[in-house]
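Only one structure is covered here, and it is reproduced in the block below.
Values reported hereafter were calculated over all heavy atoms of this structure, with side chains retained and with hydrogens, waters and symmetry mates removed.
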Amino acid sequence: MSVKKKIIEISPPDYCFDEETLEFSDFVCNKCNGRKVFVTIKGHNKFESKQCPYCDGTGKIKAVINIKWKPSKSNRYDNK
């Protein structure tokens, strides 16, 4: 089965931002496999559907990545 991957390349922004947020969406929910619900058998020809709590019944999830830029406290190449 193919796997959808996204690669993030991080570099400091051109302007001074302390924080930034990146969002990557349209991943298939890994709990319900995109089916949006869980179905359980309750009896002969009786089924119960329960909405997936992980994706809220959308079948899709997204990644929200917060980056906080701070000064580096030490430099390992510094000879001092």
Once side-chain hydrogen bond (donor to acceptor under 3.5 Å, both in side chains) is applied, what residue pairs with a partner in residues 10-37 remain, sequence neighbours excluded?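 Pairs touching residues 10-37 that pass the test: E20-W69, T21-N66, E23-K62.
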Can you run down the side-chain hydrogen bond (donor to acceptor under 3.5 Å, both in side chains) pairs that involve residues 52-61, sequence neighbours left out, and say none if there aren't any?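 Every candidate side-chain hydrogen bond (donor to acceptor under 3.5 Å, both in side chains) pair involving residues 52-61 fails, so no pair, neighbours aside, qualifies.
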Linking I/L/V/M/F/W/Y whenever any side-chain heavy atoms sit under 4.5 Å apart, do F47 and F38 land together?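 Not linked; separate clusters.
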Are V37 and V28 connected into the same hydrophobic cluster when the rule is that any two of I, L, V, M, F, W, Y join if their side-chain heavy atoms are below 4.5 Å apart?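 In one cluster with V28: V37, no.
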Any residue meeting side-chain contact (heavy atoms from CB on, under 4.5 Å) with K46, in chain and number order, not counting sequence neighbours: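 Here the qualifying residues are K42.
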Using a 6.0 Å cut-off, check whether atom CD1 of I41 has over 12 heavy atoms from anything other than its own residue.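 Incorrect, the count does not exceed 12.
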So which atom in G59 and which in C32 form the shortest heavy-atom distance, rounded to 0.1 Å?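 Between these two residues, the closest heavy atoms are CA-SG, 4.4 Å.
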Rounded to the nearest 0.5 Å, what separates atom CD1 in I65 from atom CD1 in I8?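 Here the rounded value is 3.0 Å.
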